[in-house]
Amino acid sequence: MFPYNPILEEQAKYLKQTLSKVDITMEALLKQNFPELHFEIKVPIDDYIVDFLIVSKLLVIEIDAGQQENTDAYVYHAERKERLESLGLKVIRVEEKEIFNSGESIVLNLKKLLV
């Protein structure tokens with residue numbers, strides 16, 4: 001479907017087997033609110049592993065752990081987003097604390113994007 005670096009397959013598999021609490025919470029939000037959508041977790045695309053991919057909508061959901069104050073991290077994520085978008089994907093970033101504190105706002109924003 002999308003080009004990816006085969007070297008990332010094992011790492012993606014490991015990440016799927018050891019999902020973090022925030023990944024599990026986001027997965028539950030998606031399953032509960034969008035049961036009709038097929039999504040994948042920890043998917044290798046290009047030289048990256050994306051957190052969530054909603055295949056039918058070509059939408060990537062990336063979870064930020066709040067390290068964006070760091071200039072290097074900001075630049076990396078901007079370049080990553082630009083590359084993924086060049087492959088025809090829409091990329092949204094969600095802050096980890098937002099998932100735990102206000103999942104309903106994420107759901108509302110996703111509903112707008114997914115219609």
Side-chain angles (χ1 to χ4, degrees):
M1 174 178 234
F2 294 101
Y4 70 95
N5 185 338
I7 293 171
L8 297 175
E9 284 182 27
E10 283 302 313
Q11 183 181 3
K13 183 178 177 181
Y14 173 78
L15 291 171
K16 285 179 196 178
Q17 294 170 346
T18 59
L19 292 176
S20 68
K21 186 175 179 180
V22 71
D23 290 326
I24 292 167
T25 304
M26 186 67 194
E27 178 183 24
L29 279 172
L30 290 171
K31 283 182 177 180
Q32 289 168 5
N33 294 282
F34 306 99
E36 71 284 358
L37 290 179
H38 171 72
F39 64 89
E40 297 181 26
I41 304 172
K42 306 299 181 190
V43 181
I45 299 177
D46 199 50
D47 286 326
Y48 309 106
I49 297 174
V50 301
D51 293 322
F52 291 86
L53 172 64
I54 299 175
V55 179
S56 64
K57 301 296 183 176
L58 299 176
L59 177 67
V60 169
I61 302 170
E62 293 281 79
I63 300 173
D64 285 334
Q67 74 276 20
Q68 300 304 32
E69 309 84 42
N70 178 324
T71 303
D72 291 337
Y74 179 81
V75 169
Y76 168 78
H77 287 292
E79 290 172 350
R80 176 183 170 116
K81 180 179 181 184
E82 184 178 318
R83 176 62 185 141
L84 292 169
E85 287 178 343
S86 77
L87 296 172
L89 295 161
K90 178 163 181 57
V91 179
I92 62 166
R93 303 197 71 76
V94 178
E95 287 190 36
E96 188 175 287
K97 64 182 177 184
E98 193 178 359
I99 294 168
F100 291 126
N101 297 333
S102 60
E104 53 281 345
S105 69
I106 294 169
V107 170
L108 289 174
N109 288 336
L110 284 173
K111 283 183 179 180
K112 292 176 191 173
L113 287 170
L114 297 173
V115 174

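From a predicted model like this one, the values you see are computed outputs, not experimental measurements. Counting begins at 1 with the first residue of the sequence.
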(request) Would you confirm whether D46, through its side chain, and Y48, through its main-chain N or O, come within 3.5 Å as a donor-acceptor pair? (result) no
(request) Using a strict cut-off of less than 4.0 Å between a Lys/Arg side-chain nitrogen and an Asp/Glu carboxylate oxygen, indicate whether E62 and K81 qualify as a salt bridge. (result) no
(request) State the CG-NZ distance between N109 and K111, to the nearest 0.5 angstrom. (result) 11.5 Å
(message) A side-chain contact here means heavy atoms from C-beta on lying under 4.5 Å apart; do I106 and N33 qualify?
(response) no
(request) Would you indicate whether the side-chain heavy atoms of F34 and I54 approach each other to under 4.5 Å? (result) no
(request) To the nearest 0.5 angstrom, please state how far the CD1 atom of I24 sits from the CG atom of L29. (result) 12.5 Å
(message) Any non-hydrogen side-chain atom of F2 less than 4.5 Å from a side-chain atom of L58?
(response) yes
(message) Please report the interatomic distance CG(L59) to CG(L113), rounded to the nearest 0.5 Å.
(response) 6.0 Å
(message) Any heavy-atom pair between the side chains of S56 and L37 that's under 4.5 Å?
(response) yes
Less than 3.5 Å apart, which donor and acceptor atoms pair up between the side chains of residues 12-22 and the rest of the protein, not counting sequence neighbours?
residue : atom : partner : partner atom : Å
T18     : OG1  : Y14     : O            : 2.8
S20     : OG   : D23     : N            : 3.2
S20     : OG   : D23     : OD2          : 3.0

(request) Provide the closest heavy-atom pair for K57 versus L114 in the form atom of the first, atom of the second, distance. (result) NZ-O, 3.2 Å
(message) Quick check on the hydrophobic clustering: are Y4 and L87 connected, directly or via other members, by side-chain heavy-atom contacts under 4.5 Å?
(response) no
(message) In this structure, would L8 and Y76 fall into the same cluster of hydrophobic residues linked by side-chain contacts under 4.5 Å?
(response) no
(message) Taking the side chain as everything from C-beta on, heavy atoms only, tell me whether V91 gets closer than 4.5 Å to V50.
(response) no
(request) Tell me whether L108 is reachable from I92 by hopping between hydrophobic residues (I, L, V, M, F, W, Y) whose side-chain heavy atoms are closer than 4.5 Å. (result) no
(message) What's the separation between atom OG1 in T25 and atom CG in L30, rounded to the nearest 0.5 Å?
(response) 11.0 Å
(message) Just so I know, are the side chains of I61 and L110 near enough to count as touching, which here means a heavy-atom distance under 4.5 Å?
(response) yes
(message) Working to the nearest 0.5 angstrom, can you tell me the gap between E98 CD and R93 CZ?
(response) 12.5 Å
(request) Look up atom CD1 in I41 and atom CD1 in I49, then write down how far apart they are to the nearest 0.5 Å. (result) 13.0 Å
(request) Check whether any side-chain heavy atom of V55 sits under 4.5 Å from a side-chain heavy atom of E40, and report yes or no. (result) yes
(request) Return yes if some donor-acceptor pair links the side-chain N/O of D51 with the main-chain N/O of I63 below 3.5 Å, else return no. (result) yes
(message) Once you measure the plane-to-plane angle for F39 and F52, does it fall in the parallel (<30°), tilted (30-60°) or perpendicular (>60°) bin?
(response) tilted
